Novice: 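Following this message is one structure expressed as C-alpha cells.
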Amino acid sequence: MKFGGTSVADLDRIRNVAMRVKREADAGNQVAVVVSAMSGATNQLVKWVNDLDPLHDPREYDVVVATGEQVTIGLLAIALGKLGVPARSWQGWQVPIRTDDAHGKARVDAIEGAALLADMDAGVVPVVAGFQGVADGERVSTLGRGGSDLSAVALAAALRADRCDIYTDVDGVYTTDPRIVKRARKLERISFEEMLELASVGAKVLQTRSVEVAMKHRVRVQVLSSFEDKPGTLVVDEDEIVEKLIVSGIAYSADDAKITVRRVADRPGVAAALFGALAEANINVDMIVQNVGADSTTDMTFTVGRADLPRTQDVLAGLKDALGYQSVLADPAVVKISAVGVGMRSHAGVAATMFKALSEKGINIQVISTSEIKVSVLVASDYKELAVRALHTAFGLDGPEPAAKDDDE
Ligand code: ADP
Ligand code: ASP
Ligand code: MG
C-alpha cells in the first residue's frame, strides 16, 4: 500500500491511512506500506536548496529533500501502534534500497527484502520511506519527483507482492487530469504501454519509472482513492483491454523549459558536442528541432526539465567558444501537451486532428514530436487548460457533464 502526499498531509489523514492499513491487516493480508512526504513538504525543501544555490551539489540536495519522508514514516508507525497494529519505520538506507549514484533522479538497482519479510512474518508492518534510497558510496539518494510510486512498485516486486495499491487523491486514472477537465472519464483499466507514455509526458498520477518497473516485473498496480471506498484503475497488459480507443488520454507537462541556441555552425559534430555535454551533466533533453540553416548556421531548439534550466545554461555557456553560436534564448513559459493511445499504431490522422483543434482555438504550436503511440506539441503556458480541454473534446473523450456542485474555475 502506497500513500501519496495529500493522503498523509496532516495527522487526521495519517490516522485515516493507519485505519486503512489496519483493515488490510485485519483481513489477513501481510502488508508493507510506502509513504510520501506531507504534501508541499518536498517543494519547500527543494526551494530552500535552490534559493541557497541553483548549482548546488546534488548529493546534498538529496540529503535535504529526502527528509520529508522520514517524518511521515515515523508518524504513521506511531499511528499504527496506537491502533494496536505493530509497525516499524524504515528509511531507504536501512532496508536497504540500493540505487545508482545519479543523485536527484537515481535508479533503483536492488532492494534487499529479507529484513522486511522477516518483520512481516513476525506480524510487524514495515513503513518504508518512499522517494529515497542509498547510492554507491553509501550516500542518501532520491528517485526524482513523484518517486514514491517507484519505491512502492520496486518494493512490491522485491517482496513478490500480489498487488501494489497506489492510494492517492483521485480515485483512478482518467482520460486526462480531472482537475483540469471536469468531463474527464475514469478508466477501469489502462495498458502498461499507455500508462507509461502518459506518465512520461506528464500525467503525474503515476511516476514514469514506476510504470516501467511494474511492466518489467509484472507487478499488478491499482490506482485508487485514499478517501473513498471504491475500485480504482488497474494497470494491465494491452490484451486485457476490451475497449480500444485511438486516443485514450491527454496529458500535459508544465515542467519543461525551451532553449534555443541561435546561429550555431551547421556542420557535422555540432549536435553531438552540444547534446553530449548535456548528457555528461546528467541533463535529459526531450523535444529537439533543428531548423534548416542559411549562411552555414542554424538554430537548434530543444526542451529540458525546468529544474535543469540553470545547469543547462551553465553547460551551454561553457560551450560558447567551441560551438561559436550567437546566443542562447531560454523560455520557461511553455507547456507540452500530448495525446496518447495504442490505436495510433493503426490509425492515421491523429496529428492532423490535434493541429486542427489547436488552430481553431488560435493556439500556436512551437515544437512537435511524435512516437508510435503519442503526439506531443509545445505551446505557450497560458494555453495549458484551453489546449487540454480542446484536445479532450476533439478526440471524443468527454464524459457526461458532472453533477453540478461547485462552479467551474
Ligand atoms: P500523490 O501525492 O498521491 O502521489 P500526485 O499529485 O502525484 O498524488 O498524483 C495525483 C494527481 O495526478 C491528481 O490529483 C491529478 O490532478 C493528477 N493527474 C494528472 N493526470 C491524471 C490522470 N490522467 N488521471 C488521474 N489523475 C491525474
Ligand atoms: N515527496 C516526493 C515528491 O514530492 C516523492 C513523492 O511524493 O512521490 O516528489
Ligand atoms: Mg505522486
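Just so you know, ligand 1 is whichever comes first in the structure, and atom 1 is the first atom listed for that ligand. In this chain, residues are counted from 1 in sequence order. For clarity, every value in this text was computed on a predicted model and none was experimentally measured.
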Novice: Are Arg23 and Asp26 close enough for a salt bridge, meaning some N to O gap below 4.0 Å?
Specialist: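 No, this pair does not count.
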
Novice: Taking C-beta and beyond as the side chain, do His56 and Asn50 meet within less than 4.5 Å on heavy atoms?
Specialist: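 Answer yes - side chains close enough.
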
Novice: My understanding is that we take every heavy atom of each candidate and find the minimum distance to atom 13 (C) of ligand 1. Doing that for Leu198, Leu187, Asp169, which one comes out nearest?
Specialist: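 Considering heavy atoms of Leu198, Leu187, Asp169, the nearest to atom 13 (C) of ligand 1 sits in Asp169.
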
Novice: How close do Leu76 and Val127 get, counting heavy atoms only, and between which atoms?
Specialist: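 The pair with the smallest heavy-atom distance is CD2-CG1, 3.8 Å.
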
Novice: Which heavy atom of the protein is the closest neighbour of atom 9 (O) of ligand 1, given with residue, atom name and distance?
Specialist: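 Going by distance alone, atom 9 (O) of ligand 1 is nearest to Lys204 O, 3.5 Å.
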
Novice: For ligand 1, which part of Lys2 has a heavy atom less than 4.0 Å away: the side chain, the backbone, both, or neither?
Specialist: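 Near ligand 1, Lys2 shows its side chain, while the N, CA, C and O stay back.
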
Novice: Output yes when the distance from some N or O of ligand 1 to some N or O of Asp177 is under 3.5 Å, and no in every other case.
Specialist: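 Yes, at least one N or O pair falls under 3.5 Å.
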
Novice: Of the protein's non-hydrogen atoms, which lies at the shortest distance from atom 2 (O) of ligand 1, and what is that distance?
Specialist: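 Nearest protein contact, heavy atoms only, for atom 2 (O) of ligand 1 is Gly5 N, 3.0 Å.
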
Novice: Do other residues, nucleotides or ligands put more than 12 heavy atoms under 6.0 Å from Asp121 CG?
Specialist: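 Enclosed: over 12 neighbouring heavy atoms sit under 6.0 Å from CG of Asp121.
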
Novice: Between ligand 1 and Tyr174, is the shortest N or O to N or O distance under 3.5 Å?
Specialist: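 Between Tyr174 and ligand 1, an N or O pair is found under 3.5 Å apart.
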
Novice: Got a sec: does the CZ of Phe275 have more than 12 other heavy atoms crowding it under 6.0 Å?
Specialist: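 More than 12 within 6.0 Å, yes.
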
Novice: Can you name the atoms of ligand 2, numbered from 1 with element, that are less than 4.0 Å from a heavy atom of Ser36?
Specialist: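 Listed by number with element, the hits are 6 (C), 7 (O), 8 (O).
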
Novice: Search all heavy atoms of Met354 against all heavy atoms of Val375 and return the closest pair with its distance.
Specialist: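 For Met354 versus Val375, the nearest heavy atoms are CE-O, 3.4 Å.
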
Novice: Report the part of Val205 (side chain from C-beta onward, or backbone N, CA, C, O) that has a heavy atom under 4.0 Å from ligand 1; answer both or neither where that applies.
Specialist: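 For Val205, the contact with ligand 1 is made by both the backbone and the side chain.
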
Novice: Would you mind reporting whether Val128 and Ile73 have side-chain heavy atoms less than 4.5 Å apart?
Specialist: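 Sidechains of Val128 and Ile73: no contact.
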
Novice: Considering distance alone, does some N or O of Val170 sit under 3.5 Å from an N or O of ligand 1?
Specialist: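 Between Val170 and ligand 1 (N or O atoms, distance only) the closest approach is not under 3.5 Å.
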
Novice: I need the Arg209 CZ to Lys105 NZ distance, nearest 0.5 Å.
Specialist: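 If I round to the nearest 0.5 Å, the distance is 8.5 Å.
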
Novice: Taking 4.0 angstrom as the limit, do Asp237 and Arg218 come out as a salt bridge?
Specialist: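 Salt bridge present between Asp237 and Arg218.
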
Novice: Ignoring angles and geometry beyond distance, decide whether Asp149 reaches within less than 3.5 Å of ligand 1 through its nitrogen or oxygen atoms.
Specialist: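 By distance alone, the answer is no.
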
Novice: Within the 4.0 Å heavy-atom shell around Gly172, which atoms of ligand 1 are there?
Specialist: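 Those qualifying, in numeric order: 24 (N), 25 (C).
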
Novice: For ligand 1, is there an atom lying under 4.0 Å from some heavy atom of Pro178?
Specialist: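 So Pro178 counts as touching ligand 1.
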
Novice: Is it the side chain, the backbone, both or neither of Glu69 that has a heavy atom closer than 4.0 Å to ligand 2?
Specialist: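 Glu69 to ligand 2: side-chain contact only, backbone stays beyond 4.0 Å.
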
Novice: Under 4.0 Å from a heavy atom of Val173: which atoms of ligand 1 are those, numbered in the order shown and with their elements?
Specialist: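 That gives atoms 24 (N) of ligand 1.
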
Novice: Which atom names give the shortest non-hydrogen contact between Ser89 and Ala77, and what distance separates them?
Specialist: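 Of all heavy-atom pairs spanning Ser89 and Ala77, the closest is N-CB, 4.1 Å.
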
Novice: Does ligand 1 have a heavy atom under 4.0 Å from the side chain of Thr176, from its backbone, from both, or from neither?
Specialist: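 Under 4.0 Å from ligand 1, Thr176 contributes backbone atoms alone.
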
Novice: Between Asp286 and Lys336, is the closest basic N to carboxylate O distance under 4.0 Å?
Specialist: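 Answer for the salt bridge query: yes.
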
Novice: Counting from 1, what ligand 2 atoms have a heavy atom of Gly146 closer than 4.0 Å?
Specialist: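 Listed by number with element: 3 (C), 5 (C), 6 (C), 8 (O), 9 (O).
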
Novice: For Lys320, does the NZ atom have more than 12 heavy-atom neighbours from other residues, nucleotides or ligands under 6.0 Å away?
Specialist: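 Count over threshold, so yes.
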
Novice: For Gly147, is the nearest heavy atom under 4.0 Å from an atom of ligand 2?
Specialist: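 Checking ligand 2 against Gly147, which is what was asked, there is a heavy-atom contact under 4.0 Å.
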
Novice: Quick check: does Thr42 get an N/O under 3.5 Å from an N/O on ligand 2?
Specialist: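 Yes - when backbone and side-chain N and O of Thr42 are compared with those of ligand 2, one distance drops under 3.5 Å.
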
Novice: Does atom CD of Glu240 have more than 12 heavy-atom neighbours, drawn from other residues, nucleotides or ligands, at distances under 6.0 Å?
Specialist: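 Enclosed: over 12 neighbouring heavy atoms sit under 6.0 Å from CD of Glu240.
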
Novice: Which atoms of ligand 2 sit under 4.0 Å from any heavy atom of Arg145?
Specialist: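 What qualifies from ligand 2 is 3 (C), 4 (O), 9 (O).
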
Novice: Which residue and atom name correspond to the protein heavy atom nearest atom 1 (P) of ligand 1, and how close is it?
Specialist: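 Sorting protein heavy atoms by distance from atom 1 (P) of ligand 1 puts Thr168 OG1, 3.5 Å first.
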
Novice: Please check whether Ser148 reaches ligand 2 - meaning an N/O of the residue sits under 3.5 Å from an N/O of the ligand, judged on distance alone.
Specialist: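 Yes.
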
